There are 2 protein chains.
Amino acid sequence: MPYTYDHPHPAVTVDIVLFTLRGGHFEVLLIRRAQPPYEGLWALPGGFVAIDESLRRAAWRELKEETGVNAVYLEQLYTFGRPDRDPRERVISVAYLALLPPGTARVTADSDAAEADWWPANDLPALAFDHERIVAKAIGRLRGRLGYSSMALQLMPAEFTLPELQAAYEAILGEPQDRRNFRKKILSLDIVEPTGQTSRRGAHRPARLYRACDRNVRYW
Amino acid sequence: MPYTYDHPHPAVTVDIVLFTLRGGHFEVLLIRRAQPPYEGLWALPGGFVAIDESLRRAAWRELKEETGVNAVYLEQLYTFGRPDRDPRERVISVAYLALLPPGTARVTADSDAAEADWWPANDLPALAFDHERIVAKAIGRLRGRLGYSSMALQLMPAEFTLPELQAAYEAILGEPQDRRNFRKKILSLDIVEPTGQTSRRGAHRPARLYRACDRNVRYW
């Protein structure tokens with residue numbers, strides 16, 4: 001098919017799957033839709049890409065506009081384009097996976113969101129559009145990365161103990177990890193280093209504190 | 001930004017990075033553009049997504065129309081959307097990574113391609129649009145996968161020796177691999193199994209033949 005100017009163009013949106021750990025729980029940020037279609041249903045924050053802005057910029061903007069959340073790790077996840085995924089017109093959505101470190105999880109609903117709140121990532125309400133598929137893809141991407149990357153550290157505070165990191169992995173994976181295997185695996189990945197300090201919080205005896213090896217891996 | 005129907009829509013295209021191994025060389029399929037912009041330059045096969053077809057179907061169709069190639073492993077790579085990436089209008093391109101097994105590498109130029117040919121993936125001519133970035137992303141994805149997936153087996157014949165597989169890895173990675181480490185790593189991945197037969201082709205002594213463990217991992 002040669003390039004032409006006169007064929008119908010689809011609409012293009014971005015949708016953002018923002019994960020955080022709150023009180024040890026693995027959660028995703030949803031907004032309740034204030035407008036049709038799917039008015040009143042929960043959905044991912046997102047919206048149209050402006051004709052002159054990059055996809056990544058659109059993702060940042062929509063997240064900020066609809067939820068008040070700023071400055072998070074953000075990577076492109078996948079593009080969803082089934083012809084019937086939106087009842088209004090052909091809408092192709094470029095989904096982003098975003099991670100928010102703890103302590104910054106205050107959200108405010110705005111723009112076309114009636115409400116914004118955190119939901120357990122593994123126990124979501126019915127979602128608008130194909131957003132359940134998008135969340136499932138994002139969870140799969142994050143879980144797959146745990147085994148060979150430093151991605152999960154984006155969800156941790158600046159300093160943490162190995163038991164705290166293990167608890168984070170368990171929350172994301174949804175299953176307990178063997179303590180010795182976990183320590184061995186994490187240390188072999190070479191993504192954390194001891195700070196030289198110890199922590200007494202929550203532990204029966206002092207536990208060594210760790211931090212991400214390369215602070216440059218934190219994108220926020 | 002609320003949903004509206006009257007804002008300008010971008011054009012959406014698919015571009016396909018098709019890799020194969022030919023005579024031991026790691027190659028990518030390019031077409032020479034028959035029309036402006038970038039008329040006469042080499043580019044990735046691709047084109048507009050029809051308003052009623054899925055992204056994946058568009059990728060298959062464009063690859064077939066422009067190069068005659070059918071039935072290959074195909075996965076979504078990344079979506080490229082910089083506002084200035086096409087001189088004509090805003091064009092967002094969903095890129096696909098495709099792999100072609102050996103012996104099926106005949107190509108024919110058609111549609112808006114003046115010519116279609118294989119080029120060394122690590123030594124490309126100047127490409128149209130941002131296609132050099134797209135190829136670089138595809139090479140990075142494939143190389144990254146070699147260490148923990150069966151993806152490279154899509155580029156192998158149905159049966160192969162470990163030295164043949166090592167040669168394929170070396171061609172893709174662009175650097176020699178230590179023979180003992182390679183064998184150990186590949187066998188630990190649990191992606192190949194012996195067929196029980198041996199091969200005499202090319203080797204000083206008979207070498208065991210292997211195949212992909214799960215034939216279902218071959219998508220073609």
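To find a chain, count down the sequence lines: A is the first, B the second, and so on, and within it residues start at 1. These figures come from a predicted structure and were not determined experimentally.
The greatest number of non-hydrogen atom pairs below 4.5 Å with chain B, out of A/Asp84, A/Thr79, A/Leu55, A/Ile92, is found for A/Thr79. In terms of heavy-atom pairs under 4.5 angstrom with chain B, the leader among A/Ala58, A/Pro83, A/Gly81 is A/Pro83. With respect to chain B, the highest number of heavy-atom pairs below 4.5 Å among A/Leu77, A/Val94, A/Asp52 belongs to A/Asp52.
Both the backbone and the side chain of B/Tyr78 come within contact range of chain A, judged by heavy atoms closer than 4.5 Å. Contact of B/Ile51 with chain A is made through backbone and side chain together, with heavy-atom distances under 4.5 Å.
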Legend entry - Residue pair B/Val192, B/Arg211: steps toward the side-chain contact (heavy atoms from CB on, under 4.5 Å) verdict: CA-CA 5 Å; B/Val192 298; B/Arg211 63 184 164 223; over 6 Å; no

Inset, instruction - Report the C-alpha distance between B/Leu165 and B/Phe182 in whole Å, list the side-chain angles of each, state the deciding distance to 0.1 Å, and finish with yes or no for side-chain contact (heavy atoms from CB on, under 4.5 Å). - result: CA-CA 9 Å; B/Leu165 185 59; B/Phe182 178 80; 4.0 Å; yes

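Aromatic ring centres of B/Tyr38 and B/Phe129 lie closer together than 6.0 Å.
More than 12 heavy atoms of other residues, nucleotides or ligands shown are found within 6.0 angstrom of CZ on B/Arg85.
A salt bridge (Lys or Arg N to Asp or Glu O under 4.0 Å) check over residues 133-150 of chain B, counting only residues at least two apart or in different chains, returns the pairs B/Glu75-B/Arg141, B/Glu75-B/Arg145.
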